[in-house]
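Remarks on the structure that follows.
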Amino acid sequence: MFTSQRQLRQNESPISSTSHSSQPSSGTPSPLSGSPASNHSYGRDLRGLVGIDIPANEAALDRVNSSDTLYFRPKKIYQMEHEHPSRSTLVQLHNKHRPDDTSSSYKNANTDGGRGGVESGNSRGNQPLYTMGAEYVPDLDFTKLVDDWQKSSDDFYEFRNSATPQVEIKNDSKGNYELWNSPDAILGRHQLRRDSFSQGNSDSLSPEGSLLSRDLHSNVKPIPLPRNSQPIFTPLSNLEAERRSSYTTSSNNNSVTQNNKFPFAKLKYSLPIQGSAVPASFDSNASSLNFLPTTTLSTLSELQLSPNAMVDLIQKLPRNFLNLPYSQRKKVMIEHAPHQDYKAMMSLVKKFMLTSSKSNFSLAGFVSNAPATEIATTNSNNNINNTSRNQSNNGNDNNTNVRPPQRSRHGSIASQFLSSFSPSMTSIANMNTNSLSGCASGSGRPDDKGMEILGHRLGKIIGFGAWGIIRECFDIETGAGRVIKIVKFKGHAKIKRQVLREVAIWRTLKHNRILPLLDWRLDENYAMYCLTERINEGTLYDLVISWDEFKRSKIPFAERCKMTIFLILQLLSALKYMHSKKIVHGDIKLENCLLQKGHKKSEWKVILCDFGMSCHFDDKHPYRNDTTDNRINSSKRSRNESGEETSLVKYPTTNFLPDEPRNDFDVNEDLKYQFKNRKYQGFAPKKMASSSSYSLKPLNSPSSSSSNLFHKPASQPQPQHRYPFHGRHNTTVFPNLGPEPSKYIGSLPYASPELLKYSDTRRSKSVDLHIYDSPDSSQSEISAASSSSSNSSSISSTGNASINTTSDVAINSPLDSPTDAPYNTSPLGPASDIWALGVMLYTILVGKLPFNHEFEPRLRSLIKSGEFDRISLAQVCKYDKKRTEESMFQGLYDTIIGCLTIDLDKRWNLERIEEVFQNEIKLNESNYDDNDL
Ligand SMILES: Nc1ncnc2c1ncn2[C@@H]1O[C@H](COP(=O)(O)OP(=O)(O)OP(=O)(O)O)[C@@H](O)[C@H]1O
C-alpha cells in the first residue's frame with residue numbers, strides 16, 4: 001500500500017510540483033510540458049507501475065471495477081476512452097464551459113496566465129486543450145482544476161497535518177517539520193469520488209466530479225527532497241534489517257526507541273535512519289541532516305524542550321485534545337506554546353498519545369484513575385472511552401483495555417509521558433543542565449539515562465545504529481564527556497554473538513583514526529556497553545549532504561576534490577592499519593566515518609567507527625570471514641604471535657593518551673606539509689599490485705604514532721585518565737564466535753560485486769536445497785529492500801538518470817555480470833573495503849551513490865555490472881581533456897575507477913590509492929592558496 005502511494009505521488013507530482021513553487025524540484029516533468037501522460041497516466045492501471053503483475057486473463061473492465069485501492073482508473077474515463085469514436089484522433093470535440101465553471105477561482109487562474117506552468121487557457125480558459133499537443137480528457141478544464149487545487153492548498157496543508165502522520169519530513173525551505181500522511185488517512189478522510197463517475201448524470205467531468213479532483217491530487221505531496229535529489233544514505237542489507245528488527249524486539253522495554261525505530265526501519269529507503277545522530281548543536285551541519293526526528297527524544301531535542309516542559313504542556317491541554325479538529329488543536333497548541341513549532345509539538349503530543357494507547361497506557365488516564373477493566377466495561381458510552389478505543393484501533397492494538405493494574409496509577413497523561421521515558425525523568429531532566437548532578441532512581445534499567453556504567457553517568461541518546469543506541473556519558477570523577485554504545489541483545493543469541501565479535505575486534509584496534517574502545521562491559525543477559533570517545537561533528541554523510549549534489553555543489557569542485565583527498569587520506573591510514581592486522585572493516589560507508597572539525601579545515605579529522613561487520617582474513621585464506629581466533633578467546637594470553645596486545649588486561653593502549661603532545665600524530669600538519677612544501681614531481685604510477693597482496697606496514701602504528709585526537713573543548717573539564725582505564729572487565733570471555741558465512745554484506749550500495757555474487761551463489765544453493773538461511777535469507781533481504789525501494793525512487797526521481805545504463809542489466813539473472821565464476825567461499829577481504837571506499841569517494845564528490853536503484857535486485861545487478869555514471873564524476877574531477885593536466889584531479893578520478901573495478905586483480909589497493917592521492921596533492925598544489933586547508 002505504501003509503495004503504491006509513493007508511486008502515485010510520482011505520477012501525480014506534476015501538479016503538485018507546479019503548484020508549490022517553494023517545493024524543491026522533484027525532477028518530474030511539468031504537467032503540461034509535452035507530457036500526454038500527465039492526463040493519461042491517471043487512467044492507467046497503476047499496478048503495473050508499482051511492479052504488481054496484472055494477470056493477463058484479467059479483463060480490463062474487471063480491473064476497473066476492482067476494489068483494489070491501487071487502481072484509480074475511473075470507470076467513466078475508461079468508458080470514454082473506449083467508446084468515444086474519435087479518441088484516437090486527439091481532437092477535442094467540444095470545449096464548452098458551463099456558466100458555473102467560471103468560478104472566481106477560474107478567473108484567477110487565468111489572470112495570472114495560468115500560473116504554475118499551466119499554459120492551456122486564454123483569459124476565459126477557452127483555448128483548446130489540443131494546443132498542448134497532448135492526449136486529453138474531454139471536458140476536463142485543467143486550468144480550473146489546477147487553480148482549484150492551488151486554492152485549496154491551504155486546506156490541504158492543514159488536512160495533511162491533521163491526519164495520522166506516517167513520516168516526518170523536514171521542510172527544507174522553512175526548516176520545519178512537515179508530516180506525510182498515511183495513505184489510509186488520506187483516503188479515509190477524503191474519499192475518492194468514484195461514485196461521481198458511476199452516477200452518469202453529468203455530461204462533463206467537473207473538477208469536483210472528476211477523479212482529478214483536488215481531493216485526489218492535492219493530497220499528494222511532491223516527492224520529498226531533503227536536500228539532494230538522490231538519496232545517498234545507505235539502504236539496509238539483509239543483515240542490517242535483521243539486526244534492526246531483532247534489536248527492536250529485544251529492546252521492548254525501551255519504549256521510546258522501540259516504538260519509533262521499527263516503523264522507520266521499514267521505511268529505510270525513504271529515511272536516513274542509519275546511524276542517525278541527534279546533533280550536539282542545533283545549528284550544526286549535522287542538525288540540518290537529521291531532518292527526521294526518529295524518536296520522541298530527538299524531537300524534544302530538536303525543539304530544545306525539556307521533558308518536564310513537555311509534561312507541563314500536556315497537563316495544560318484539554319482532555320479531548322485529540323478529538324478536536326485540527327484547526328482547534330493548532331489554536332490550542334499555539335496558545336500554550338506560542339514560541340514553538342506547533343506542528344512538531346502537535347506531532348509529538350499525538351505520537352505520545354497514540355503510543356501510550358499501544359503500550360497499554362491508555363488515554364483513559366485522562367478521565368479516570370480507575371482500573372482499565374472498569375473503564376472498559378462500565379463506561380462504554382463515554383466519549384473518552386470511545387476515544388480510547390479509537391486510538392487503540394489506530395494503533396492496531398486490541399489490548400488497550402487490558403491495562404496492567406499498576407498502569408492505572410499513572411493518572412495523568414503527563415505522568416504517562418514521563419513514564420514513557422524512564423522511571424526517573426525528573427532527575428534526568430535536571431541532568432541536562434548539570435551533567436554530573438543527575439542521579440537515577442534505583443528502579444531504572446541499567447541503560448537508562450542517569451544510570452552509572454563503567455564509571456560514567458549516562459546522558460541523553462545522541463545516535464542510533466542498527467545495533468544499538470549511542471548515549472553521551474560523563475566521567476563521574478572528572479566530568480569528561482564520552483559516549484557509550486549500548487547494544488541490547490536480551491534473549492537474542494545472534495545479536496549477542498555479533499556484538500561479542502565486534503568487541504573482540506574493536507578492542508585490538510588502536511589507531512589515531514579509529515574510534516577507540518576505551519572500556520566495555522558485558523551484561524551477560526542484557527546488553528553490551530562500549531565506552532568510547534565522543535566525536536561531535538557528525539559523520540562524512542552529514543558533510544556530503546551539506547555539500548549537496550555536485551550540480552548544486554555548495555563548494556567549488558576543486559575544493560571538493562581537495563577536501564576529499566584530505567579526508568580520505570586519513571581514512572586510508574586507518575584502513576591500512578586494519579588490513580595490516582588482517583582485519584577487514586566490512587562496512588565502510590559515509591555514516592561510519594565520524595568527523596571531528598576544528599577551527600580550520602586543516603584540523604578536521606576523520607575517525608572510523610562501527611566494527612560490527614569486521615572480521616579477520618589472512619593471506620593464506622584471504623577470504624576467511626570469521627573471528628575464530630584462539631588468541632582472542634584466551635584472555636589469559638597477553639600477546640599473540642606478532643607481539644600485538646590482545647589481552648583484555650593489557651588494554652587500553654596508550655594510543656589515545658590525550659595529555660602527551662609528543663604522542664600526537666597530527667595528520668593535519670602532515671598534509672599541510674604535503675600540500676605546501678612538496679615540489680612538483682612527475683607522477684609515474686607504480687606497477688599495479690594485486691589487491692590480494694597485502695603485506696602492509698602500518699602507517700601509523702601505535703608504537704610510532706600515538707595520537708591526541710580527543711582534546712576536550714575548553715568548557716569541559718579535562719579528563720584525567722586512569723590506566724588501565726578501568727580494568728575490571730578482563731574476565732570477559734569471547735566464545736568461539738565462528739564464521740557467519742551468509743552475512744557478509746554490510747550496506748548494499750557499498751557492497752562489492754564479489755560479495756553480491758557470493759550471496760547469489762548461496763541464494764541459489766539455498767533455493768536448490770529448499771533451505772533458506774533463516775531470518776537473514778536473501779529472500780527477506782529482497783523483500784525488505786524492495787518494499788522500501790520505491791521510497792528511494794520517490795526521493796530521487798533522477799535516480800536512474802545517474803546511472804549509466806548503456807547496458808540494460810537483466811534483473812532476473814543474478815549471475816549475469818562479468819564476475820560470474822561462482823564463489824564457494826566468502827570473498828570478503830580488503831578488496832571489498834576498497835570497493836566500498838570507491839563508492840564512498842564517488843558519493844563524496846558527486847553527492848550521489850554510484851549504484852542506486854529502487855528495485856533491489858536491479859541494484860545488485862548494477863553493482864555487479866560495474867556500470868555507473870562516470871560523466872558526473874568527470875565533471876567534478878575536471879577530467880576534461882581540453883584542460884591542462886595540472887588543473888585536473890585526474891588521479892582522483894582514476895582512483896575511483898580503480899576502486900570500482902570488478903576484476904579483483906585489477907582493483908587498486910590502498911598503497912596505490914595513497915600514492916596517487918599524494919601525487920594529486922602535489923599536482924594541484926599551485927591551484928590553492930595557503931588558506932584552502
Ligand atoms: N563516538 C561517537 N561520538 C558521536 N557520535 C557517535 C559516536 N559513535 C557513534 N555515533 C553516532 O551514532 C551512530 C551509530 O553508531 P554506530 O555506527 O557505531 O552504531 P551501529 O549500531 O553499529 O550502526 P550501523 O551498524 O547502523 O552503522 C553513528 O553513525 C554516529 O552518528
Side-chain angles (χ1 to χ4, degrees), residues 239-240 243 465-468 485 487 489 494-522 528-533 571 574-589 592-594 607-618 621-635 637-653 655-656 694 696 698 701-702 729-730 732-741 743-747 826 828-830 832-833 836:
L239 175 57
E240 288 204 8
R243 291 190 313 189
W467 285 79
K485 178 173 177 174
V487 179
F489 47 75
K494 270 186 185 175
I495 298 177
K496 183 177 178 184
R497 198 166 59 240
Q498 193 68 28
V499 73
L500 281 170
R501 183 191 304 274
E502 178 174 0
V503 171
I505 290 180
W506 191 3
R507 71 197 175 105
T508 68
L509 300 175
K510 295 130 195 177
H511 185 273
N512 57 18
R513 288 298 179 270
I514 290 178
L515 192 68
L517 179 61
L518 298 175
D519 202 356
W520 70 94
R521 192 174 89 189
L522 177 66
M528 174 71 90
Y529 304 89
C530 301
L531 178 70
T532 183
E533 298 286 3
L571 181 62
L575 270 181
K576 282 180 74 175
Y577 168 75
M578 286 188 73
H579 291 181
S580 75
K581 291 171 70 70
K582 306 290 180 277
I583 294 171
V584 59
H585 184 276
D587 199 9
I588 294 292
K589 60 182 179 182
N592 285 339
C593 295
L594 301 170
I607 314 290
L608 184 60
C609 74
D610 192 357
F611 305 94
M613 295 297 292
S614 299
C615 62
H616 286 90
F617 69 95
D618 61 39
H621 306 285
Y623 300 137
R624 185 165 67 95
N625 177 35
D626 65 75
T627 54
T628 312
D629 189 339
N630 292 331
R631 293 168 302 187
I632 291 177
N633 295 333
S634 166
S635 62
R637 293 186 61 174
S638 61
R639 289 182 184 275
N640 62 24
E641 287 87 341
S642 56
E644 293 164 339
E645 292 181 2
T646 56
S647 163
L648 298 174
V649 179
K650 295 288 180 186
Y651 190 78
T653 173
N655 197 34
F656 286 90
Y694 282 88
L696 306 181
S701 61
H729 309 295
N730 54 358
T732 306
V733 175
F734 291 92
N736 186 332
L737 300 169
E740 297 198 18
K743 300 178 177 176
Y744 296 135
I745 299 172
S747 302
S826 165
L828 183 63
S832 300
D833 275 351

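All figures in this text were calculated on a predicted structure; none of them were measured in a lab.
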How far does [atom1] of [X] sit from [atom2] of [Y], to the nearest 0.5 angstrom?
X	Y	atom1	atom2	answer
I588	D610	CD1	CG	9.5 Å
I495	L500	CD1	CG	12.0 Å
I583	L575	CD1	CG	11.5 Å
K581	I505	NZ	CD1	10.5 Å
M528	Q498	CE	CD	11.5 Å
L608	C593	CG	SG	5.5 Å

For D519, is there any backbone N or O sitting under 3.5 Å from a side-chain donor or acceptor partner on Y529?
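A pair under 3.5 Å: no.
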
Between E533 and P516, is there a donor-acceptor pair closer than 3.5 Å when you use the side chain of the first and the backbone of the second?
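Flag not set: sc E533 to bb P516 has no pair under 3.5 Å.
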
Looking at [X] and [Y], what are the two nearest heavy atoms and their distance?
X	Y	answer
L509	M578	CD1-CE, 3.9 Å
Y577	I514	CD2-CD1, 3.5 Å
F489	V499	CD2-CG1, 4.1 Å

Taking ring-ring contact (aromatic ring centres under 6.0 Å, His included) as the test, write out the residues that go with F611, two or more places apart.
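For F611 the ring-ring contact (aromatic ring centres under 6.0 Å, His included) partners, ignoring immediate neighbours, are W506, H585.
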
Just one of S614, S832, S747 clears the side chain to side chain donor-acceptor pair (under 3.5 Å) bar with D587, so which one?
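Exactly one pass, corresponding to S747.
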
Assess the residue pair E502 and C530 against the criterion (side chain to side chain contact (heavy atoms under 4.5 Å, CB included)); give the C-alpha distance rounded to whole Å, side-chain angles, the decisive distance to 0.1 Å, and a yes or no.
CA-CA 10 Å; E502 178 174 0; C530 301; over 6 Å; no

Would you sort out whether K485 and W520 count as a side chain to side chain contact (heavy atoms under 4.5 Å, CB included), showing the intermediate values?
CA-CA 9 Å; K485 178 173 177 174; W520 70 94; over 6 Å; no

Taking only residues two or more places apart in sequence, or in another chain, which ones meet C609 in a side chain to side chain contact (heavy atoms under 4.5 Å, CB included)?
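Result, side chain to side chain contact (heavy atoms under 4.5 Å, CB included) vs C609: L515, N592, L594.
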
